[in-house]
Amino acid sequence: MSTIPSPTPATGPVPPPARESDAVTLAETAERAAHELLAPPAPLPAPPAPHLAPPAPHRLADVVPAPAQVQPVPADDWVLPAEAVIVTSADPAALAVATQLAELLRPATGYPLPVTHATAHPAPTADSPARPVPTGGAAGPEPAGGIALVLDEAADLGPEGYRLDVARDGVRLTAVTATGLFHGVQTLRQLLPPAIESPTPVAERWALPGGTITDTPRFPYRGAMLDVARHFFTVEDILRVVDHLARYKLNHLHLHLTDDQGWRIAVDSWPRLTSVGGATEVGGGPGGHYTKADYRRIVSYAAARHITVVPEIDLPGHTNSALVAYPELAPDKIAPPPYTGTEVGFSYVDPADERTYDFITDVLGEVAALTPGPWLHIGGDEAFKVKGEVYTGFVERVQRIVAGVGKTVVGWHQLAPAGHVDGRVLQWWGTNADDPTTADAVRRGARLIVSPGNHAYLDMKYAPDTPIGHDWAGLIDVRKAYDWDPGAHVSDVPTTAVLGVEAPLWTESVTSLADIELLLLPRLPAIAELGWSPRATHDWADFRHRLAGQGPRWERAGITFHRAPEVPWPNTPTIPTQRDTTHTETADL
Ligand code: TNX
């Protein structure tokens with residue numbers, strides 16, 4: 001603190017007689033002193049050096065999903081300087097993550113945050129001209145007061161893990177892969193003040209809590225599903241959902257692309273699927289479909305966020321839209337009327353007609369060719385009219401078609417009785433965890449994605465007064481979404497057979513992006529934590545506080561969420577949670 005200087009004493013020893021110039025000096029000194037006495041307090045001191053910064057507003061552990069290991073070092077709290085540089089290993093994928101980080105931080109901070117990489121051959125991007133920097137030796141680039149993204153093949157962090165070190169010399173993020181760096185960036189983002197989500201510059205101390213986070217996921221598959229068949233959603237809406245997945249380290253987006261009410265993906269060899277089958281939706285709206293270019297855009301936007309798209313073509317049931325377009329696929333060869341209701345289980349493609357398998361081979365071939373990820377989801381649910389051996393025979397044949405187009409089968413757990421095929425994955429959506437048929441399929445080699453209807457179905461209402469959603473699997477408040485264990489949920493299925501967890505969002509009652517967000521948030525982060533965090537971190541009391549910290553971030557980013565009463569949100573309600581809320585901003589990450 002500065003101190004106020006003492007005025008010239010008014011009393012005391014009489015000074016020796018002064019010459020005129022001395023008298024002038026004295027008078028000036030006295031005037032200055034008097035002025036300083038009357039002046040307002042001295043301004044606050046300049047901001048302290050970063051390593052002497054007052055504590056960051058968050059704890060290092062205030063992250064969703066909970067990191068595997070957190071070692072806070074409060075003395076190392078750090079403030080992002082305006083002149084910080086983001087430096088990365090000389091790898092195009094790492095450079096891409098560094099650029100995403102810069103794009104994430106620039107709007108709110110207003111800082112230039114140039115991106116550089118550790119090579120003599122810069123690869124500039126349009127708005128972040130890259131400059132070469134010293135490599136920093138074997139340990140990779142050094143943060144040098146800014147942020148370093150380091151790829152280190154020798155680090156013990158697996159294919160998706162990362163280590164985040166916040167220290168006096170800056171921030172160092174280390175990973176084996178760019179995917180690990182990307183997940184680390186999401187953690188870094190959550191450790192900055194909520195204002196970092198602002199789309200416009202904010203005056204803020206961009207403080208990060210000091211210490212080290214070492215983090216790897218519990219399960220390799222962490223996903224969410226969006227039903228774009230019951231209601232059609234634009235590409236932009238889907239990209240925004242991808243952004244939400246990325247925040248919480250989810251790595252799969254399952255798109256339910258076909259159902260009775262609409263066929264949403266272009267198939268060149270069967271064009272009426274979209275021109276006729278895509279023109280409806282629940283409630284009679286115009287529907288819509290994705291061109292191949294649209295779908296590729298979704299896939300590449302997701303890939304840039306380290307998210308794999310899992311396309312679902314639901315067979316043999318849930319196919320009314322295909323039958324409207326191509327009646328030869330129907331058992332009676334008569335086109336049914338378009339369907340805009342919400343019943344299930346009435347439609348199916350003819351399992352006895354070879355033409356059906358030509359159709360499936362063409363469709364799955366085209367979808368596989370558009371999809372870089374390994375998975376092809378073939379549905380299989382609620383085909384109530386295709387029973388017993390006819391059903392299992394159909395499924396086994398389609399499983400072979402999937403293998404033939406180079407993909408791995410995923411299907412709803414109704415596929416369980418069919419024969420095993422290499423790598424096949426069942427998505428379990430039951431509400432009664434005693435399921436001997438599924439457990440048997442697991443014994444025969446299947447792995448499980450768990451999506452219990454009564455915990456993970458995001459189309460269930462939170463409470464009786466939730467304006468949209470279902471309740472056939474019960475109400476799912478945030479605690480219900482959080483308090484279960486994917487690794488030990490289905491009886492007689494060992495944790496080792498669990499590939500991961502997925503939160504499906506069916507959209508019979510969901511008509512807008514705001515509706516989607518209302519049902520996704522805050523339950524999606526709960527499911528994400530079950531997929532990512534070690535079981536030892538599971539703790540509702542702690543989770544609800546960490547989750548509460550996400551609220552102001554969503555508010556800043558203009559994201560709708562349900563202000564669940566069991567979560568201690570900071571601030572009194574200031575945000576809309578109505579379904580008609582509109583949004584204009586799209587966060588880039
Ligand atoms: C069951 S879950 C379905 C969907 C519905 C959903 C509504 C599953 C594989 N099938 O067809 O949209 O319930 O919650």
Side-chain angles (χ1 to χ4, degrees), residues 223-233 252 254-264 280-283 287 310-322 339-349 375-386 391 395 398 409-418 424-433 435 437-438 441 446 448-462 466 468-476 480-481 489-490 501-511 515-516 518-520 523-524 527:
M225 188 207 81
L226 184 64
D227 168 10
V228 293
R230 268 53 176 274
H231 279 101
F232 178 71
F233 297 93
H252 287 83
H254 168 185
L255 290 176
H256 182 76
L257 289 167
T258 64
D259 214 305
D260 293 318
Q261 298 86 347
W263 186 285
R264 307 297 178 211
T280 46
E281 62 183 0
V282 167
V310 181
E312 179 185 351
I313 305 297
D314 203 346
L315 297 164
H318 290 276
T319 40
N320 196 77
S321 60
Y339 186 66
T340 58
T342 61
E343 297 299 317
V344 297
F346 56 90
S347 61
Y348 61 104
V349 289
W375 316 111
L376 204 43
H377 199 305
I378 56 170
D381 59 315
E382 298 171 326
F384 300 141
K385 297 190 172 170
V386 187
Y391 177 82
V395 168
V398 177
V409 170
V410 187
W412 299 107
H413 72 264
Q414 279 68 29
L415 258 51
R424 108 177 156 141
V425 174
L426 302 181
Q427 183 167 8
W428 189 83
W429 60 282
T431 53
N432 174 1
D435 181 348
T437 312
T438 296
L448 282 198
I449 295 168
V450 275
S451 304
N454 53 347
H455 292 284
Y457 263 37
L458 299 183
D459 56 315
M460 294 303 129
K461 292 172 181 258
Y462 294 93
T466 306
I468 51 173
H470 301 134
D471 60 6
W472 65 259
L475 301 172
I476 303 182
K480 181 116 193 192
H489 190 73
V490 184
V501 59
E502 184 176 294
L505 178 57
W506 301 99
T507 60
E508 288 92 336
S509 68
V510 176
T511 61
D515 284 356
I516 292 175
L518 180 74
L519 293 174
L520 235 54
R523 292 181 293 195
L524 186 70
I527 303 296

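Order of appearance sets the numbers: ligands from 1, and atoms from 1 within every ligand.
Inspection of the His252 and Trp375 side chains reveals an N or O donor paired with an N or O acceptor under 3.5 Å.
With a 6.0 Å cutoff to the six-membered ring centre and a 45° limit on the axis angle, Arg264 does not count as a cation-pi contact of Phe232.
Two residues are said to be in side-chain contact when any heavy atoms from C-beta on lie closer than 4.5 Å; Trp506 and His256 meet this criterion.
Polar contact with ligand 1: absent for Trp429 (N/O pair, distance under 3.5 Å). At a 3.5 angstrom cut-off on N or O pairs, Asp459 counts as close to ligand 1.
Of the protein's heavy atoms, Tyr457 OH, 2.4 Å lies nearest to atom 2 (S) of ligand 1. The closest protein non-hydrogen atom to atom 9 (C) of ligand 1 is Asp381 OD2, 3.1 Å. Protein heavy atom in closest approach to atom 1 (C) of ligand 1: Glu382 OE2, 3.4 Å.
For the side chain to side chain donor-acceptor pair (under 3.5 Å) with Gln427, the qualifying choice from Glu312, His413, His377, Gln414 is His377, the only one to do so.
Close to ligand 1: Arg230, with a non-hydrogen atom less than 4.0 angstrom away. Not close to ligand 1: Gln414, with no non-hydrogen atom less than 4.0 angstrom away.
Residue Ile516 holds its CD1 atom at 5.0 Å from CG of Leu226, rounded to the nearest 0.5 Å. Interatomic distance, CZ of Phe233 versus CD of Glu281, reported as 8.0 Å (0.5 Å rounding).
For ligand 1, the atoms sitting less than 4.0 Å from at least one non-hydrogen atom of His318 are 11 (O), numbered in the order shown with element in parentheses. Of all atoms in ligand 1, numbered sequentially from 1 with element shown, those under 4.0 Å from a heavy atom of His470 are 7 (C), 14 (O). Within ligand 1, the atoms closer than 4.0 Å to a non-hydrogen atom of Trp472 are 7 (C), 13 (O), 14 (O), numbered from 1 in the order shown. Close approach of ligand 1 to Glu508 is summarised as follows: ligand atoms under 4.0 Å from at least one heavy atom of the residue are 5 (C), 7 (C), 12 (O).
The stretch residues 449-458 participates, sequence neighbours left out, in no salt bridge (charged side-chain N to carboxylate O under 4.0 Å, His left out) pair at all.
By the side-chain hydrogen bond (donor to acceptor under 3.5 Å, both in side chains) test, Arg424 pairs with Gln399, sequence neighbours left out.
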